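Naming convention: chains lettered A, B, ... in sequence-line order (proteins, then strands); numbering from 1 in each chain. Small disclaimer: the values here were computed from a predicted structure and weren't measured. We use all heavy atoms of the structure for the numbers below, so side chains are in, but hydrogens, waters and symmetry mates are not.
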Amino acid sequence: MKNADEGVILNACTAIEVLMTPSSTSKKHSGKSGDIILENLIDLMVRHGGLASLSSQIRQEGNSDIKKAALKVLSRLLSHGSQNLKELVVDEIKRLKLVSFCASQVERFPDEVVDEEVLICLLEVLALASAKSKTLTKYLTDEGTINKIAVQLTIVF
Amino acid sequence: MMDKLVEAITNVVIEYQPAKASMLQVGLFTPVLVYIARATDQIDRAPQYAEERVIQVLNLLSQLIDGEKPSQDWILNNVKIDQICL
């Protein structure tokens, strides 16, 4: 993900996302060991600056495919792992101010950087992050982001 | 996109009670209730009224009014409740 080549970054993000997606087949065969591998992978990502690399890819404006792929990895990090790991991920997200950045991106929709697909990825991250942290839900409410999401929903209805 | 919007709002209002009050202010209840009223006739007949999606929206509605008297009163004053009970 730290590579300068966009193709390498995109493939790296996609590979990590696939590795973090427990398929029904692999779960059936590997059972608990599959969960342990997934936990180790998340642990590696958190402890070795993976979230900081993801953050820089989410914040770049040049390639929306990379932005989407990085957001999907972030969603996987928030969806899996033990409670301790989830707390580590949420703490790192808070440190990197990723929720406030995602909230600001939601407010940009629609534009050339934040299209519908990017918005869906952003909403997934915000939904998963807010399900695990009262601080983050308070932030989303106080900053008015939740109101903007609600307005989008009234349009979609 | 609708599913993700519903999920994001639901998760926030479950965790943080003050968020529920702001949903009344932005006028979310009218489109939600119109959607549910339409869904009672068209459930599973169109993708936007798929059963799972309708359940998500009902869950959102119940979370929005849970412990939030102004929202409950607004619904009682503006909606014929038997339409939803159908």
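Using a cutoff of 4.0 Å between basic side-chain nitrogens and carboxylate oxygens, Lys134(A) and Glu15(B) are not scored as salt-bridged.
Looking at Leu153(A), the atoms closer than 4.5 Å to chain B (heavy atoms on both sides) sit in the backbone and in the side chain alike. Leu64(B) does not touch chain A: none of its heavy atoms, backbone or side chain, sits under 4.5 Å away. Using a 4.5 Å cut-off between heavy atoms, Ile120(A) contacts chain B through both its backbone and its side chain.
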Checklist entry - Hey, mind stepping through Met1(B) and Val156(A) against side chain to side chain contact (heavy atoms under 4.5 Å, CB included) and telling me if it holds? => result CA-CA 8 Å; Met1(B) 183 161 80; Val156(A) 170; 3.6 Å; yes
Checklist entry - Under the side-chain hydrogen bond (donor to acceptor under 3.5 Å, both in side chains) criterion, do Ser130(A) and Asn11(B) qualify, and how do the steps go? => result CA-CA 6 Å; Ser130(A) 55; Asn11(B) 286 353; 4.7 Å; no
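Counting non-hydrogen atoms of neighbouring residues, nucleotides and ligands closer than 6.0 angstrom, the CZ atom of Arg38(B) reaches no more than 12 such neighbours. Other residues, nucleotides and ligands contribute at most 12 non-hydrogen atoms within 6.0 Å of the CD atom of Glu52(B).
Here the side chains of Lys4(B) and Leu119(A) are not in contact, with every heavy-atom distance at 4.5 Å or above. Looking at heavy atoms from C-beta onward, Tyr16(B) lies out of side-chain contact with Leu140(A) at the 4.5 angstrom threshold. With a 4.5 Å cut-off on side-chain heavy atoms, Phe157(A) and Gln48(B) do not count as touching.
Two different hydrophobic clusters hold Leu19(A) and Val8(A) under the rule that ILVMFWY side chains link at heavy-atom gaps under 4.5 Å. Taking hydrophobic clusters as Ile, Leu, Val, Met, Phe, Trp and Tyr residues chained together by side-chain heavy-atom distances below 4.5 Å, Tyr49(B) does not share a cluster with Ile55(B). Residues Leu98(A) and Ile66(A) are members of separate hydrophobic clusters, defined by side-chain heavy-atom contacts under 4.5 angstrom among Ile, Leu, Val, Met, Phe, Trp and Tyr. A continuous path of Ile, Leu, Val, Met, Phe, Trp and Tyr side chains, each step under 4.5 Å between heavy atoms, connects Val79(B) with Tyr35(B), placing both in one hydrophobic cluster. Under the 4.5 Å side-chain heavy-atom criterion for grouping Ile, Leu, Val, Met, Phe, Trp and Tyr, Val113(A) is connected to Phe109(A) within one hydrophobic cluster.
Here CG of Leu123(A) is found 13.0 Å from CE of Met2(B). Values are rounded to the nearest 0.5 Å.
Note on Val26(B), Val13(B), Ile9(B), Thr10(B): by heavy-atom pairs under 4.5 Å with chain A, the leading option is Ile9(B). Among Lys138(A), Glu124(A), Gln152(A), the residue making the largest number of heavy-atom pairs under 4.5 Å with chain B is Lys138(A).
For the residue pair Thr154(A) and Pro31(B), the shortest heavy atom distance occurs at CG2-CG, 3.6 Å.
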